[in-house]
There are 2 protein chains.
Amino acid sequence: MMPRLVPRWPVWLFCWRAACVQGASVRQRMWAGPSRIPGLGGLRGVWGTGPLVRRGSSSASSRAPEVTLTPERYPVRRLPFSVVSEDDLAALEHIVPGRVITDPEELEAPNVDWLRMVRGSSKVLLRPRTTQEVAHILRYCHERNLAVNPQGGNTGMVGGSTPVFDEIIVSTALMNQVLSFHDVSGVLVCQAGCVLEALSQYVEERGFVMPLDLGAKGSCHIGGNVATNAGGLRFLRYGSLRGTVLGLEVVLANGTVLNCLTSLRKDNTGYDLKQLFIGSEGTLGVITAVSILCPPKPSAVNVAFLGCPGFAEVLQTFRTCRAMLGEILSAFEFMDAECMKLVRLHLGLSCPVQESPFYVLVETAGSGPGHDAEKLDRFLEQVLDSGLVTDGTLGSDERRIKMLWALRERITEALSCDGYVYKYDLSLPLDRLYDLVGDLRARLGPSAKRVVGYGHLGDGNLHLNVTAETFSASLLGTLEPYVYEWTAGQRGSVSAEHGLGFRKKDVLGYSKPPEALQLMRQLKALLDPKGILNPYKTLPTHI
Amino acid sequence: MMPRLVPRWPVWLFCWRAACVQGASVRQRMWAGPSRIPGLGGLRGVWGTGPLVRRGSSSASSRAPEVTLTPERYPVRRLPFSVVSEDDLAALEHIVPGRVITDPEELEAPNVDWLRMVRGSSKVLLRPRTTQEVAHILRYCHERNLAVNPQGGNTGMVGGSTPVFDEIIVSTALMNQVLSFHDVSGVLVCQAGCVLEALSQYVEERGFVMPLDLGAKGSCHIGGNVATNAGGLRFLRYGSLRGTVLGLEVVLANGTVLNCLTSLRKDNTGYDLKQLFIGSEGTLGVITAVSILCPPKPSAVNVAFLGCPGFAEVLQTFRTCRAMLGEILSAFEFMDAECMKLVRLHLGLSCPVQESPFYVLVETAGSGPGHDAEKLDRFLEQVLDSGLVTDGTLGSDERRIKMLWALRERITEALSCDGYVYKYDLSLPLDRLYDLVGDLRARLGPSAKRVVGYGHLGDGNLHLNVTAETFSASLLGTLEPYVYEWTAGQRGSVSAEHGLGFRKKDVLGYSKPPEALQLMRQLKALLDPKGILNPYKTLPTHI
């Protein structure tokens, strides 16, 4: 189709459309692949000068100030579990020979979460390699009444992956083998400790993609992703892990191995037990292997980064986008002007479009490069003509796609550089998604350094963050329970994708009725009667 | 793109491609909509002369011979539940005034499943209108130890929706209200008794489609669909109900109302309790309302009906299809030559292509009519040129799309006309999907009238059916446990989408390990300690 060139369009779009005319309309773009953040290293000269932080990295912790011990900051009491004895260490050494870690220095990083908000005092970390080893460990701990903290990449956002007191850390780091991959069905079966980025690379080499992608991919483990029911950047396209995870192998609290590691898309034989463990944050069982359905790798990926004059226009851009891009829409993310200031200030990233109150990142992924480009072209024409979008730029190759994604993906990192961060991860009705941000700015005034909003708009998921120079109990008191009450008032969720872990467990009641909390407690009692699995997490202290 | 016309192509493709050249390449086709089977009535003069059967229809039962009482055909003993007394009837009348049915004639249809394989002897059917009424009924039955059989459209395939003995039938037929629909997010919230077809029509008028579609849509209830975790014809595109159901309201065995009727795409607050009830066939709770995410209605739908020379070519056609149609592929169904004979013989349908050993139905659904047509064009060129497909026809308008779908959708109906049917619904690895059909033909010889295979190939789901003039214990003995053992040998599932209900409950162990069965039994005991909810279903008699 010959595009109609309109002079008032910004230069970037003009150039892009001109390129289409010159025969570049069938553009084969690389899927923004597994090394998105790490790969940015080489581009920092142009795009960023800030530190490159990997979640779960222990190197960061050695430079940073000490994190307050969790029981000193939060009101929590140790439950009457046994304390690890020398005899226990000897028995555990027998189960995982040479892989019982007791060196305090080595234990420093796994005791602290990557956000540096909570710190446990575990004296033992175990590194099993097999499911049977995990089973032996849990059987032993169950008999001895020893508490256990399962740990993947330790990239969680709510303190769910670190011990609260002296729980034994069972790390999946050495359980990192791909068990099988079927190159027609796209079903991947692997151990729980495989790093998401490594899996992405593995399946992409075979013409598929992982159905989930998130900023922490360089460190997070697939078992941890499943245990937290991670959402992330591809949720809009491929949906929840509850649909894409086909099977799980789980070790129960008493050491029983529950093998539901099927590779079948459909299986209606009895209750779907694996669902119990997806999103239960290691409190009902330890996931040791995952079977997951990988969609075919799209042959064309485009990213548009757009500036919008207001949130109403952001919403209208989303509606237009869904109608015009249909099945090729793979992500619709938004961030406000404050987020852009943050990534510029702390990471040295440049805004690629004119400054705007809001920015939107639209990704398409499809099987027909020419068709996708035409659809995107029409969509951009529409949103620019109607004034919904005032400026924008397009990612037309892998490097540029990564650059544009970095603006959105590295906000969390930039926030961490801004001071103490009060983090909220909310599901809200689309029409009210941003209201709370403005409301809080007015409410907090100068007591907050910054109030920012960004997130997965296509999924109704707002990441609301408030920064301050240091932790302030007074500011916290102004924020909570206000934020939770406001969210409950909208029938929203006080944890859209991060889970509850340790830090959010007591707010569960804002999103679930008492009958649900009661049933959750009964399930916990059924599956883990001694409560040894990831104690102090997920369920409220008092029900 | 100007198509290359190749004389050796069949006439149908020539005509279609020629039409594209004449300016019809941008074809707006109707989504094969809610009245697919009923709508065929007007077309039967051309396409079919057989009876039009609706699942769950009571009119059919009045003509058909008596169905043997379940306890007379199957080895099952009544559990020690109370028997409904006059006092009970008075109490129930108080809860649902005027909606306590005890007329034996009215009770005839709900006591028999639509396949006419099982028959209960319930003396009471209740028709609540509200969740509170369901809660009062269950609280009463729980206290009185009265067994309950929740019933939706009574369209199940495994005897899960009819009483086995004298359980009280609790029908959702009057719980048929849409509670809300959001025309941006596409989230529908409705009572459990809404008929799927009515919901389809409702959301299609608003620019969306239901994420599931199945042959029984004219009778089945959405609550029953969720309770059986129905798969159906759109599974390949929109995935499992475990991903698309956002929330449920459920009444527990003791009458507690569990309100998890959220409309949020993401909600990681605690354990996802609704998953317990999806696919648990009414044995853990009675679903009273459903919140479900409806995808936008595609603006273009195409159906190609193709003949393939062998099953290897069917598989290769699927691979080609996935690669070339990508995100617009919405269904890939197959049927063998015996199925075509059946729909011709019993329903009078005509084969629209040259007779072939196998037939494939490919549906595309997308947002760009011209783009979709081009993709389909290239795909058809490829499979015809390579000999994977020998003949085919294309559905280019609503009427023809319905006709082509009828060939696949009405196989079940045609089978019912062929005699007694032994039905198997298996998940198998794609490469071995059809092996069992040939194997059984050789094994059974003339003792079977017909052995046919069809199903949702794109989901790895084979419907294997064996017909005989009448029920034969000897034939059953040759089929079972052979079919289940063969399936277990392939690590397949003995129930892909139909569930276990009453008739398949004892084969659960072929697809799940003893540890899983044990946990299922524990869950049942936790949620329904008296076992009053849909007894004799889902879980094996002896574990």
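All chains are named by letter (A, B, ...) in the order of the sequence lines, taking the proteins before the strands, and each is independently numbered beginning at 1. All of these numbers come straight from a predicted model, not from anything done at the bench.
Residue contact with chain B, scored on non-hydrogen atoms closer than 4.5 Å, involves the backbone of A:T228 exclusively. Residue A:L329: no heavy atom, backbone or side chain, is found under 4.5 Å from chain B. For A:D425, no part lies under 4.5 angstrom from a heavy atom of chain B. Using a 4.5 Å cut-off between heavy atoms, A:L315 does not touch chain B at all. Residue A:Y510: no heavy atom, backbone or side chain, is found under 4.5 Å from chain B. There is no contact between A:V507 and chain B, counting heavy-atom distances below 4.5 Å.
Residue with the most contacts toward chain B among A:L258, A:N229, A:T283, A:L508: A:N229 (heavy-atom pairs, distance under 4.5 Å). For the options B:L430, B:L519, B:N259, B:L252, heavy-atom pairs under 4.5 Å to chain A are most numerous at B:L519. Note: B:A496 leads B:P513, B:A496, B:S511 in heavy-atom pairs under 4.5 Å with chain A. Taking B:R237, B:Q275, B:H498, B:R319 one by one and counting their heavy-atom pairs under 4.5 Å with chain A, the maximum is reached by B:Q275. Residue with the most contacts toward chain B among A:G499, A:G239, A:A525, A:A323: A:G499 (heavy-atom pairs, distance under 4.5 Å).
Applying the side-chain hydrogen bond (donor to acceptor under 3.5 Å, both in side chains) criterion to B:E281, with sequence neighbours excluded, gives B:T538. With sequence neighbours left out, the ring-ring contact (aromatic ring centres under 6.0 Å, His included) criterion links A:F318 to A:F332. Scanning for side-chain hydrogen bond (donor to acceptor under 3.5 Å, both in side chains) contacts around A:T256 gives A:N254, with sequence neighbours left out.
Residues B:D431 and A:H182 share a closest heavy-atom pair of OD2-NE2, 4.0 Å.
The OG atom of B:S299 lies 11.0 Å from the CE atom of A:M324; values are rounded to the nearest 0.5 Å. Atoms CD and NE2, from A:E374 and B:H371 in turn, are 3.5 Å apart once rounded to the nearest 0.5 Å. One finds the NZ atom of B:K512 at 6.0 Å from the SG atom of A:C260 (value rounded to the nearest 0.5 Å).
Side-chain contact between B:L264 and A:D459 is absent, with no heavy-atom pair separated by less than 4.5 Å. Looking only at side-chain heavy atoms (C-beta outward), A:E327 and B:T364 stay at 4.5 Å or farther from each other.
Using a 4.5 Å cut-off between non-hydrogen atoms, the part of residues 265-273 of chain A that approaches chain B consists of A:R265, A:K266, A:D267, A:N268, A:T269, A:G270, A:Y271, A:D272, A:L273.
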